[in-house]
Amino acid sequence: MERSRIAVAGASGLIGGTLARSLAADGHEVVRLVRRTPRAADEVRWDPEGGRADAAGLAGCDAVVNLAGAGVGNRRWTDAYKQRIRDSRVNGTAALARAVASLDEKDRPRVFVNGSAIGYYGETGDRAVDESAPAGEGFLPELCVEWEAATAPAQEAGVRTAFTRTGLVVSREGGAWGRLIPLFRAGLGGPMGDGRQYWSFVALHDEVAAIRHLIDTDGLSGPFNITAPNPLTNREITAAMGRVLHRPTLFAVPAPVLRSVLGEMAGDVLGSARILPTRLLESGFRFAFPEIEGAIRAAL
């Protein structure tokens with residue numbers, strides 16, 4: 001890939017920050033979208049919740065990557081926080097899509113990569129699904145549908161648009177695994193609920209590599225599941241954590257306890273999502289860490 005100018009929304013987050021560092025290390029110019037007044041030439045102002053973005057700052061970018069959004073697992077899902085989760089994603093995506101579409105054709109990015117999640121599919125049980133499956137039911141599936149639809153102005157302007165339906169990112173720096181690893185290190189880890197629910201994971205390294213693959217590969221548009229090709233049950237992942245960390249995994253957390261502590265968000269922990277990255281593999285992408293133990297070791 002030749003040296004490019006790439007705008008990243010969500011560059012302060014786990015995935016966005018890692019992506020920005022990866023791109024910069026390879027000599028690309030990274031433009032960061034910020035909510036405050038810009039302090040440097042590589043910053044562009046935007047207000048995702050308010051639905052505004054500085055289009056002029058995006059002119060000349062080869063790609064725009066939107067990974068911004070309030071953390072789904074950061075706190076209990078009150079009605080107010082669910083609205084914040086929605087607004088930060090849907091309004092922010094719409095703002096960027098409108099900004100991109102408003103640019104002269106010569107100044108528009110050639111690709112818009114927008115975040116999404118495997119929450120799109122909802123509960124799949126033991127059934128393996130890929131990008132051909134319809135949306136599920138509930139808060140997260142409805143959010144993902146609306147989130148992806150908010151890119152419409154960019155698509156209508158002819159900008160190639162891809163959605164990253166991301167699984168559980170294996171990293172010690174944040175996300176679900178950022179909370180799990182300290183518990184398992186302390187010997188307090190164990191299955192959640194009955195442990196039979198499928199968790200579709202992806203190593204942080206592969207997540208970033210997949211996003212860069214979508215940026216670099218002409219013709220790739222629409223949804224792409226960014227999950228390792230071998231999803232496992234929560235019980236199997238728990239056992240792998242124990243093996244890698246050399247710790248017991250005896251402290252199972254009953255489903256009623258999780259529901260009491262997490263409220264509606266417990267459904268995301270106890271729900272089963274057996275997701276396959278069919279389109280990503282068909283596009284020629286290869287995972288560096290297709291198995292859970294390798295992904296955990298990479299995170300450590």
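Everything quoted here is computed from the prediction, not taken from an experiment. One is the number of the first residue; the rest follow in order along the sequence.
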### Query
What pair of heavy atoms forms the shortest contact from Pro48 to Ser88, and how long is it?
CB-O, 4.1 Å
### Query
Can a donor-acceptor pair be found between the side chains of Tyr121 and Asn225 at a distance below 3.5 Å?
yes
### Query
Is the backbone of Tyr198 close enough, under 3.5 Å, to the side chain of Ser200 for a donor and an acceptor to pair up by distance?
no
### Task
Answer yes when Asp26 and Arg212 have at least one side-chain N-carboxylate O distance shorter than 4.0 Å, and no when they do not.
yes
### Task
State which residue, out of Leu58, Leu23, Val31, fulfils the side-chain contact (heavy atoms from CB on, under 4.5 Å) condition with Arg5.
Val31
### Aromatic ring proximity Phe287/Phe285, centre distance under 6.0 Å
yes
### Summary
Ala240 and Ile292 have their tightest heavy-atom pair at CB-CG2, 3.7 Å
### Query
Between Trp147 and Gly115, which heavy-atom pair has the shortest distance, and what is it?
CE2-O, 3.2 Å
### Query
Just by distance, with hydrogens left out, do Asp87 and Gln83 show a side-chain donor and acceptor under 3.5 Å apart?
yes
### Query
Using 4.0 Å as the upper bound for N to carboxylate O, is an ion pair formed by Asp42 and Arg32?
yes
### Message
With a 4.0 Å cut-off on N to O distance, would you call Glu43 and Arg36 a salt bridge?
### Response
yes
### Message
Can you see whether Thr151 engages Asn114 through a side-chain donor-acceptor pair at a distance of less than 3.5 angstrom?
### Response
no
### Task
State, without any angle test, whether Glu207 and Thr166 hold a side-chain donor-acceptor pair at a distance under 3.5 Å.
yes
### Task
Run the salt-bridge test on Glu148 and Arg165 with the 4.0 Å N-O cut-off and return the result as yes or no.
yes
### Message
Distance alone, cut at 3.5 Å: any donor-acceptor contact between the side chains of Asn230 and Glu291?
### Response
yes
### Message
Let me confirm one number: the CG-CG distance from Asp54 to Leu33, rounded to the nearest 0.5 Å.
### Response
8.5 Å
